[in-house]
Q: 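Have a look at this one.
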Amino acid sequence: MEKYGEEREERKEKEAILPPLPYAEKGKVIMRFAPNPNGPATLGSARGMIVNGEYAKIYDGKLVLRFDDTDPRTKRPMLEAYEWYIEDLAWLGYRADEVVYASKRISVYYEHVEKLIEMGHAYACLCKKDEFKRYRDSGIECPHRNLPPEESLDIWEKMLGGEFEEGEAVIRIKTDMKHKDPAIRDWVAFRIIFESHPLVGDKYIVYPTLDFESAIEDHLHGITHIIRGKDLIDSERRQKYIYKYFGWEYPVTKHWGRIKIHEFGKLSTSSIKKEIEKGTFTGWDDPRVPTLRALRRRGFESEAIKKFFLSLGVGENDISVSMKNLYAENRKLIDEKANRYFFVESPVLIEISGVEGVEGKNNIKLPLNPVKGGFRTLKASNRVYISENDLKRFEEGNVIRLKEFCNIRLIDKRNLEFKFAGWKIEGAKKGKNIIHWLPVEDSMDCVVLAPERDHSGKVERAVVNEVGKVVQFERFAFCRIEGVARNESSEVRAVYTHP
RNA sequence: GCUCCGGUGGUGUAGCCCGGCCAAUCAUACGGGACUCUCGAUUCCGUGACCCGGGUUCAAAUCCCGGCCGGAGCACCA
């Protein structure tokens, strides 16, 4: 009997919680999050930050933020993005115990590859790309594979000395040319790239590949667990050769599948970049883009994003989720905080005959917040804006309730003629005829930047006190008030959060 | 093509390792009612799933085999 009661108590505060991490010991876990800063963090990056960060927290462990920025060309790092990643990580509530920039540690990787060459576990390969591909596909060792280490080392020195052109020489890790998975066979660890690096300039012309750099760094930083996308699942198989050669122990790994967000489709960092350059998007924080910066701008709470990802878990199957789930999480957090205001989209100015001076009403009090209480006031005017969308729904003779204000009767739709029809709500209470409105005297222009299209209309003057905050435009959506233009129109700019 | 991985309601997810307590959890979505001077919140009720076919077993969502479907890797990208 008692047990039953306890169970019921626990049921109500059920938090999305990550399953236990295999072989994890409290205080000894070291996780890492390793992005390429070729653009700002996206929703996808958030998953990496949250899952890894959360496990580090759960086990009182450490979190290493490592920038895998070793390709200055194909995945060229963006200078500002380094700092943005740190900001976004902090926003989500995680702190990196250590921040590592791979591009600044290239000499460390040189030392390791030299050792491997000396040991005969890596070699300098002079095959052309497609030439090697043929060897790999047919499982035959290339002629350079069994070069004596001294010769490989010699070529390596020449690579570093700039005596080779791009593509003429690479360093490969010996695995097994007969490995049943061709993807594993003698992979490239270093290649020549004549391109200035945004962070380290022209210091290097020989760069390590992700597989090599990552393998070395994970060991050097004592990473105990790696959780990443399953696109990197083969990395593990490749990197394990290095671990074997050095006698190191490979971290415990876990992978998540591909995630597709219905609303954003296949937007990748590089495609967003292209659209920004073309001018389709205004920037990395354009509300139409799935970056964390954009979501923050829209007024999402990091806690909602966190819960959203924790609820997805770390399964290996590919998923396709809707932003509606994120909206639901966010709504739970902001509904009670957001103050209520009226925003009239596509405003139509109407005149109501017979309101003025009635019973001495000058101002109308409207509730400001459903939990905190408070109120805002609007002038009891006979000239008000209502939304075109609402107007369309009514016919002549209909009685419409202007929320918290009065009832009006539509007399002549064509000439927008309305007549005062009483103060009491009574008859209007049921149904869809309660609408929001704005007195001309208290309204300002407003534009709402939204994912599908921008909305323009009129908003209550009082929102100027809500800059930076998320409010709810009643019967419209939650929006974040971004600012007020300084020009004579003093237009309010808001960003759409979600319905 | 080769190599891996995965398939639980519309969408996610728990359960699968250690078969029975699963006529399958939770969230979200959807439908309907109540409440509220918001198309928000709250509340009540409801709809809805173990990919298919064999096998093992007293018993299978759970184990085995085959098929189908989906995805990833096969880059001098990350």
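All values below come from the heavy atoms of this structure, side chains included, with hydrogens, waters and symmetry mates left out.
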Q: Please tabulate the protein-to-nucleotide N/O contacts below 3.5 Å involving nucleotides 28-31 of chain B, giving atom names and distances.
A:
unit_1: B:U28; atom_1: O2'; unit_2: A:N325; atom_2: OD1; d: 3.2

Q: Can you see if the side chain of A:K129 gets near the phosphate of B:A75 - specifically, an N or O under 4.0 Å from OP1 or OP2?
A: no

Q: If the plane angle is over 60° it's perpendicular, under 30° parallel, otherwise tilted; pick one for A:Y82 and A:F67.
A: perpendicular

Q: Using the C1' atom as the point on both nucleotides, what is the distance between B:C45 and B:C58, in whole Å?
A: 40 Å

Q: For A:Y241 together with A:W187, are the ring centres under 6.0 Å from each other?
A: no

Q: Ring of A:Y207, cation from A:R73 - is the NZ or CZ under 6.0 Å from the centre and inside 45° of the axis?
A: no

Q: Looking at the side chain of A:D231, which of B:C37, B:G71, B:A78 is the nearest nucleotide?
A: B:A78

Q: Under a 3.5 Å cut-off for both contacts, is B:C50 paired Watson-Crick or G-U wobble with anything, and if yes, with which nucleotide?
A: none

Q: Test for a donor-acceptor pair under 3.5 Å between the base of B:C37 and the side chain of A:K403, counting only N and O atoms.
A: no

Q: Can a salt bridge be assigned to the pair A:D68 and A:R66 using a cut-off of 4.0 Å between side-chain N and carboxylate O?
A: yes

Q: B:C77 phosphate, OP1 or OP2: any side-chain N/O from A:R191 under 4.0 angstrom?
A: yes

Q: Name the pairing partner of B:G70, where a pair is Watson-Crick or G-U wobble with both distances under 3.5 Å, or state none.
A: B:C5

Q: Measure from the ring center of A:F190 to the ring center of A:F212 and say whether it is less than 6.0 Å.
A: yes

Q: For A:N317 and A:F190, take the nucleotide of RNA chain B holding the closest heavy atom to each; which residue's nucleotide lies nearer the 5' end?
A: A:N317

Q: Could you tell me if the ring centre of A:H498 sits under 6.0 Å from that of A:F300?
A: yes

Q: What interatomic distance, in whole Å, is found between C1' of B:G53 and the corresponding atom of B:C69?
A: 15 Å

Q: Whether A:R258 contacts B:A72 is assessed here as follows: a side-chain N or O lying under 4.0 Å from the phosphate OP1 or OP2. Is that the case?
A: yes

Q: Could you identify which residues of residues 172-187 of chain A place a heavy atom less than 4.0 Å from some atom of RNA chain B, listed by residue number, or say none?
A: A:K180, A:D181, A:P182, A:A183

Q: Quick one: which protein N/O atoms are closer than 3.5 Å to N/O atoms of nucleotides 64-66 of chain B? Pair and distance per line, please.
A:
none

